[in-house]
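What follows is a short report on a single structure.
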Amino acid sequence: MAAPVSEPAELDPYRLPGGARPTRYDLRLRPSLAAATFSGSVRIELDVSDSTAVLVLNADELTITACDVDGHPARWKLDATTERLFVTPPSMIAPGTSVLTIEFDGVLNDKLRGFYRSTYTDDDGGEQVIAATQMQATDCRRAFPCWDEPEFKAIFAVTLDVDDGLTAITNAPEIERTTHDGRCVIRFADTMVMSSYLVAFIVGRLEATDIVDVDGVPLRVVHVPGKGHLADFGLDVGAFCLRWFQDYYGIAYPGAKVDLVALPDFAAGAMENLGCITFRESLLLVDPATSTQSERQLVADVVAHELAHMWFGDLVTMRWWNGIWLNEAFATFMEVAACEAYRPDWERWTAFGVERSAAFATDSLASTRSVEFEVRSPSDCDGMFDVLTYQKGGALLRMLEQYLGAERFREGVSHYLALHSYANTETNDLWDAIEATSGDPVRRIMDSWIWQPGYPLVSATLVDGALVLRQRRFRFDGTDADSVDIDTSDPQRWAIPIHVRVGNDTTTLLLDESVTSLAVGADAAELPIVVNADGHGFYRVAYSDELRARLDRATIASLSTLERYNLVDDAWAATVAGRMSAADLLDFLQAFDDEREHTVWQAIDIALHGLSRLLDAGPMLDTFQARVRGLASPALEALGEPTGDESDLTRKLRGLLVGLVGVLGDDIGVQAHCREWFDRASNDPTAVDPELIAAATKVVAATGDAAIYEHMRQRFLDATTPQEQ
């Protein structure tokens with residue numbers, strides 16, 4: 001009966017009391033896709049540590065129809081404001097084990113949260129409904145009453161009662177099915193102990209690829225009918241990464257199967273539900289024959305990212321939402337590492353430098369935040385889903401890995417996962433695990449990066465035969481070297497792992513004071529000196545005039561791709577901060593007219609587009625466009641026409657240069673070629689190289705008229721693949 005009940009005094013408004021903890025959920029759901037409703041029941045086994053008069057758990061937008069505790073009817077109260085359900089049994093619950101049973105009804109909502117309604121149009125033009133889930137961060141409570149916090153791990157056993165003929169999947173494999181009166185009741189195996197935000201169930205008219213056996217783990221892609229031809233690439237990436245992660249972590253995959261599920265309506269990019277990973281269609285389904293390298297790489301990245309979570313996130317889970325940054329940062333690090341192994345020719349770690357620059361840009365602002373911060377309410381963690389979590393966090397882990405060495409870093413990660421399997425952790429637990437296996441001061445190093453905002457600028461000068469390195473916070477406001485941080489009476493300092501190359505010799509040091517020096521000797525009097533050698537440090541470098549002069553055209557050409565990228569990226573940042581003039585930047589970029597690497601041209605493209613925003617139409621813009629054509633056209637001409645044996649990155653570079661010369665350089669000849677390629681591709685997408693189609697679309701859109709807009713809009717509406725759309 002629903003009746004007034006008492007509430008425990010002085011409850012934390014954001015955290016459930018810990019006196020009763022769930023150990024197992026037996027959940028049964030009966031969705032009606034036509035009515036967009038569902039009914040259900042859940043039997044929750046509890047471990048009660050303290051005598052209690054009231055059980056407090058989460059529920060939201062549900063209608064509770066019955067509650068009992070240990071077989072006895074209980075009173076209940078649903079508080080919509082705090083999204084909590086208070087259940088009061090007839091008598092006190094003693095320490096030990098107890099069972100809470102709840103019956104409820106709900107709505108398949110249109111909010112893309114909890115248990116929600118997704119739709120697609122079938123081949124006959126009819127609307128088909130899919131009941132899908134998205135539980136992170138706190139929306140499992142919309143699907144069934146539960147202890148909806150990551151620390152309350154439990155086993156989940158799901159039974160779905162669905163219309164006959166529908167596909168139904170959840171985290172675990174199907175183990176039993178019965179049919180009666182047009183309904184099909186499907187029982188699934190128990191999951192491992194896991195958090196509620198990882199629970200998933202999908203019901204609808206769906207199809208699945210054939211199963212791929214990955215060393216005993218069945219893997220498949222689930223999709224709406226008619227899109228199976230777009231699933232092969234994601235399936236191939238998934239099989240590779242599943243094997244690779246098991247080898248890297250040294251721990252078997254913790255689930256019993258992997259379904260990669262492409263959903264038409266999905267708010268997040270993808271979600272790491274154990275064994276039932278959900279994706280936005282465009283991030284899983286792709287046609288390799290008509291897609292660009294960037295589109296295929298994006299699919300590979302996202303599949304790898306979510307599979308990495310099966311261990312780091314699902315097997316070992318943050319205790320509270322303040323740890324979500326590490327969850328996502330580590331998966332970002334692992335996605336790049338796995339894709340580097342999957343397609344070495346894509347040079348994924350080098351390309352990550354471009355993504356890292358987005359974090360640099362945000363972290364250069366006075367309004368930036370620390371990577372980790374206090375999270376009281378679950379909604380407080382929403383601000384963590386940004387470039388500082390994913391790109392900066394991933395870059396910090398890459399910097400630590402390069403400082404320790406890849407194998408020592410991996411050993412620490414494996415130790416962490418083995419030590420905390422099926423449990424919950426804080427950020428420091430990872431640093432302590434890596435420190436225990438490596439012997440390095442990992443916690444001290446990483447605390448300096450995650451608990452304070454911003455990042456350092458390392459200046460390099462030669463003084464009496466020694467390389468003097470100084471650190472200060474980099475800001476776009478041009479704060480000078482001796483300034484004090486505006487938020488504190490002391491300058492900010494980081495423990496910075498620095499690799500310095502003098503000639504051909506590399507030295508590694510930890511700059512954890514404001515200034516340090518490195519003896520380079522008389523033999524290095526004329527040798528080029530590279531700070532942030534190999535390019536993986538999360539800091540910028542400012543060379544003295546003397547050291548910058550040593551980085552001449554020949555020396556620059558001898559640097560690695562990422563080192564050259566960093567030179568351009570640091571120069572552009574210095575220009576934004578007012579430390580370098582626009583004219584000097586253009587002169588500096590001229591040293592890259594022989595550049596043939598896509599990643600470096602991305603940095604040049606970013607800098608040139610930034611400079612173009614300073615100019616209005618007129619003679620100065622005309623002169624700038626001529627400079628752009630003069631810089632980029634020779635590289636474009638050197639590439640020539642696409643050939644069958646060239647690399648993906650060469651094709652990608654050609655597309656970038658076409659867009660740069662055609663739009664920013666306002667080259668009429670390139671614009672004419674783009675219109676020709678665009679028209680040919682409109683009739684036959686396979687007639688033109690996909691990279692040229694993408695570039696031509698950009699150029700035609702930038703220079704087209706209203707008719708072009710209407711044509712592109714119709715192409716969007718009639719698209720047959722997510723990438724074309």
Side-chain angles (χ1 to χ4, degrees), residues 112-120 128 130-137 139 167-171 197-209 211-212 214 217-242 245 253 255 257-288 291 294-310 313-314 327-328 331-332 334-336 338-339 342 385 390 719-725:
L112 306 183
R113 301 168 60 189
F115 202 13
Y116 72 90
R117 178 178 177 271
S118 175
T119 62
Y120 68 91
Q128 295 290 335
I130 302 170
T133 56
Q134 169 59 26
M135 307 302 199
Q136 193 182 53
D139 289 309
T167 297
I169 57 176
T170 182
N171 303 90
Y197 78 90
L198 298 170
V199 174
F201 23 86
I202 313 293
V203 178
R205 296 195 181 281
L206 300 166
E207 295 177 348
T209 64
I211 288 173
V212 174
V214 184
V217 179
L219 169 72
R220 62 181 181 168
V221 171
V222 180
H223 53 85
V224 301
K227 293 190 176 181
H229 64 292
L230 303 176
D232 288 348
F233 181 77
L235 196 61
D236 186 63
V237 174
F240 177 90
C241 290
L242 192 54
F245 285 134
Y253 169 67
K257 56 92 175 177
V258 178
D259 286 331
L260 308 176
V261 187
L263 293 173
D265 304 298
F266 195 65
M271 180 61 205
E272 66 267 22
N273 317 301
L274 179 77
C276 187
I277 306 172
T278 44
F279 296 79
R280 192 179 300 172
E281 280 188 330
S282 61
L283 299 179
L284 178 60
L285 304 179
V286 64
D287 181 0
S291 58
S294 293
E295 290 164 340
R296 296 192 303 278
Q297 179 180 293
L298 180 59
V299 170
D301 282 351
V302 176
V303 171
H305 183 103
E306 304 309 324
L307 284 171
H309 273 311
M310 299 298 102
D314 294 9
N327 215 27
E328 298 302 338
T332 299
M334 291 304 299
E335 88 184 38
V336 181
C339 289
Y342 176 67
F385 291 93
Y390 290 83
T720 58
T721 71
Q723 288 70 38
E724 182 184 1
Q725 190 174 55

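Throughout, residue positions are numbered sequentially from 1 according to the sequence presented.
- Screening residues 273-285 for salt bridge (charged side-chain N to carboxylate O under 4.0 Å, His left out), with sequence neighbours left out, gives K227-E281.
- Residues satisfying the ring-ring contact (aromatic ring centres under 6.0 Å, His included) test with H309, not counting sequence neighbours, are H305.
- Here Q723 pairs with nothing under the side-chain hydrogen bond (donor to acceptor under 3.5 Å, both in side chains) rule; sequence neighbours left out.
- A heavy-atom distance below 4.5 Å is not found between the side chains of V299 and F279.
- Here the shortest heavy-atom pairing between G313 and N327 reads CA-OD1, 3.0 Å.
- Here Q297 pairs with Q293, D301, W346, R348, E355, K652 under the side chain to side chain contact (heavy atoms under 4.5 Å, CB included) rule; sequence neighbours left out.
- Atoms SG and CG, from C276 and L198 in turn, are 11.5 Å apart once rounded to the nearest 0.5 Å.
- Within the 4.5 Å cutoff, no side-chain heavy atoms of N273 are placed close to those of Q136.
- Contact between G238 and L219 at its shortest, heavy atoms only, is C-CD2, 3.6 Å.
- Listed by chain and residue number, F115 satisfy the ring-ring contact (aromatic ring centres under 6.0 Å, His included) test with F201 (two or more places apart in sequence, or in another chain).
- The shortest distance between side-chain heavy atoms of V222 and I202 does not fall below 4.5 Å.
- Between A308 and A331, the closest heavy-atom pair is CB-CA, 4.3 Å.
- Heavy-atom minimum distance, L230 versus P722: CD1-CD, 4.0 Å.
- When all heavy atoms of F233 and P288 are compared, the pair lying nearest together is CB-CG, 4.0 Å.
- Evaluation of the side-chain hydrogen bond (donor to acceptor under 3.5 Å, both in side chains) rule for T170 yields no partner, not counting sequence neighbours.
- Every residue was checked against the side-chain hydrogen bond (donor to acceptor under 3.5 Å, both in side chains) condition with T167, not counting sequence neighbours, and none meets it.
- Taking both residues in full, the closest heavy atoms of L263 and A132 are given as CD1-CB, 3.9 Å, listed atom of the first, atom of the second, then distance.
- Looking at heavy atoms from C-beta onward, T721 lies out of side-chain contact with L285 at the 4.5 angstrom threshold.
- A search for side chain to side chain contact (heavy atoms under 4.5 Å, CB included) contacts involving L242 returns V214, V217, Q246, Y253, V258, L307, W311, not counting sequence neighbours.
- For the ring-ring contact (aromatic ring centres under 6.0 Å, His included) test, residues two or more places apart in sequence or in another chain that qualify with Y342 are F240.
- Considering CE of M334 and CZ of F245, their distance stands at 5.0 Å, rounded to 0.5 Å.
- Residues M271 and T133 have side chains not in contact (no heavy-atom distance under 4.5 Å, counting atoms from C-beta outward).
- Partners of R113 under the side chain to side chain contact (heavy atoms under 4.5 Å, CB included) rule, at least two apart in sequence or in another chain, are K111, D139, R142.
- The salt bridge (charged side-chain N to carboxylate O under 4.0 Å, His left out) analysis of residues 259-279, with sequence neighbours excluded, yields the pairs R220-D259, K257-D259.
- Under the 4.5 Å side-chain criterion, counting only non-hydrogen atoms from C-beta, L298 is in contact with L283.
- Residues passing the salt bridge (charged side-chain N to carboxylate O under 4.0 Å, His left out) test with E724, sequence neighbours excluded: R715.
- Taking the side chain as every heavy atom from C-beta outward, T119 and P264 never approach each other to under 4.5 Å.
- Distance check, rounded to the nearest 0.5 Å: CG of L260 to CG of L284 gives 6.0 Å.
- At least one side-chain heavy atom of V224 sits under 4.5 Å from a side-chain heavy atom of L206.
- From R296, atom CZ reaches atom CG of D287 across 10.0 Å, with rounding to the nearest 0.5 Å.
- Atoms CZ and CD, on F266 and Q134 in that order, are 4.0 Å from each other to the nearest 0.5 Å.
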